[in-house]
Amino acid sequence: MTDQDDNDKPDSAPSESDEFGLVAPTGNFTEGSQANRSDIERSTTNVSKPVATTSGDFKQMSWRGFEEEDEDPDPAIRFDKDEDKEHDDLDMTPMVDVVFLLLIFFMVTASFTLQKSIEQPPSKIEDPSTNVIEDPEDEDDYVEVIIDQTNTYYITSRDAEEIEAPSDREMRDRMRDAKRTTGAPRLIIKAHVDSMHRKVVTVWDAGNAAGFEQIEMKTMEEDY
Amino acid sequence: MTSQENEDVLPRRKSDEDADLDITPMIDITFLLLAFFVMVSKMDPQLPVSLPQALNGDVIPEKNCVVLVVLKGEGDDGYTIYKGRTKDNSDAVVGDDPVEMESQIAEYVEDTLSRNPKIQAVLIKAEGDVKTGAVETVKRGVAGSDLGLTRRLYVAVETTQ
């Protein structure tokens with residue numbers, strides 16, 4: 001039964017390609033469906049007529065595939081034959097999937113134990129009530145950012161007027177400008193005790209981004 | 001042709017056995033994964049902290065730190081300081097007086113660092129919504145410990161890009 005099928009197919013396949021006016025290695029197909037031989041045949045014909053032959057082969061192969069599925073009286077054998085070809089590839093896939101999953105999982109858990117953070121100098125213990133704000137004019141050039149009790153930023157630099165910056169973005173821009181114009185190496189953050197911690201971190205981050213070499217922080221209890 | 005047919009039949013039997021064998025390592029690894037998940041989830045119950053956002057941050061291993069967590073509490077000024085990463089009420093710093101809280105923090109930092117001298121840093125994980133004064137209390141507490149002063153001080157952030 002199956003022998004007959006094999007013999008029928010090659011006959012119909014070349015005729016199909018003839019309709020498209022393609023050159024088909026007919027000898028190869030009447031002899032049987034040995035894949036190796038057809039490969040050799042294809043590679044030799046490729047040299048002379050690459051485009052036509054490859055598309056012709058493709059047509060024949062797909063045609064054969066249809067015939068097998070449609071007319072095979074014992075489909076179980078044919079299906080297994082197909083599966084067997086793919087089996088070597090499929091075998092590895094779930095394992096590789098799980099290994100990748102494992103890898104991703106490890107990576108995620110590893111990043112949990114790592115914490116992004118900003119280094120800050122240790123605070124100096126002083127009695128807050130006697131914390132007199134010094135005038136650090138004699139020291140290096142500096143840019144000062146004040147965060148008041150309503151979480152508004154005020155930026156002061158050497159030659160500039162104090163600028164109020166209501167938004168984070170504006171504060172970043174102003175600070176970058178101040179850094180560029182003065183070239184000051186120091187940033188002083190003066191935060192009111194009732195201001196939000198988030199605002200302090202934002203200023204500190206902006207200071208790092210602007211390229212200040214030294215960032216100091218002071219807290220104040222008097223309203224600004 | 002008939003000989004070829006026989007060759008086709010033989011590998012089919014083999015592939016049937018392969019299908020059974022195939023699933024075993026996958027199940028093994030899945031169980032391993034499951035066991036790992038269970039272990040990890042029990043070992044490390046972390047506090048959910050909504051950290052302040054920053055563009056850049058140094059990456060430091062949390063295990064190599066003395067961790068102090070500051071969470072926003074009830075009301076406008078309310079906050080709770082936890083010694084360590086877990087939300088265990090015995091680890092909470094009690095009291096309303098900042099000076100008293102500072103001394104508790106200093107004691108905790110000093111104690112932890114003397115027991116584990118390899119720890120390189122102090123990490124403050126403060127929520128973005130707590131007030132600067134609360135974080136400053138923790139900082140002063142750390143500065144109150146002699147060993148704490150010799151370590152680097154970090155404030156945890158969440159990076160956005």
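Side chains included, hydrogens not; waters and symmetry mates left out as well; all remaining heavy atoms used. The sequence lines fix the lettering, A, B, ..., with proteins before strands; numbering per chain opens at 1.
The residues B/R140 and B/E102 are annotated as salt-bridged, a charged nitrogen and a carboxylate oxygen being separated by less than 4.0 angstrom. At a threshold of 4.0 Å, the pair A/R186-A/E213 does not count as salt-bridged, since none of the basic side-chain nitrogens sits closer than that to a carboxylate oxygen. Using a 4.0 Å cut-off between a side-chain N of Lys or Arg and a carboxylate O of Asp or Glu, A/R169 and A/D173 do not qualify as a salt bridge.
Between chain B and the options A/Q120, A/H192, A/M217, heavy-atom pairs under 4.5 Å are most frequent for A/Q120. Here B/V130 is the residue among B/N64, B/I29, B/V130 with the most heavy-atom pairs under 4.5 Å with chain A. Residue with the most contacts toward chain A among B/C65, B/P52, B/G148, B/G57: B/P52 (heavy-atom pairs, distance under 4.5 Å). Chosen from A/L102, A/I147, A/I118, A/V201, the residue pairing most often with chain B at heavy-atom distances under 4.5 Å is A/I118.
Applying the side chain to side chain donor-acceptor pair (under 3.5 Å) test to every pair with at least one member in residues 194-205 of chain A, sequence neighbours left out, gives these pairs: A/D168-A/K199, A/R172-A/D205, A/S195-B/T132, A/R198-B/D129.
Judged by distance alone, the side chain of B/N116 and the main-chain N or O of B/K118 form no donor-acceptor pair under 3.5 Å.
For B/L51, the part lying near chain A is the side chain, with the backbone staying farther off; criterion is any non-hydrogen pair under 4.5 Å. Heavy atoms closer than 4.5 Å to chain B are found in the side chain of A/L101, but not in its backbone. Contact of B/V135 with chain A is made through the side chain alone, with heavy-atom distances under 4.5 Å.
For B/E158, the salt bridge (charged side-chain N to carboxylate O under 4.0 Å, His left out) test picks out no residue, with sequence neighbours left out.
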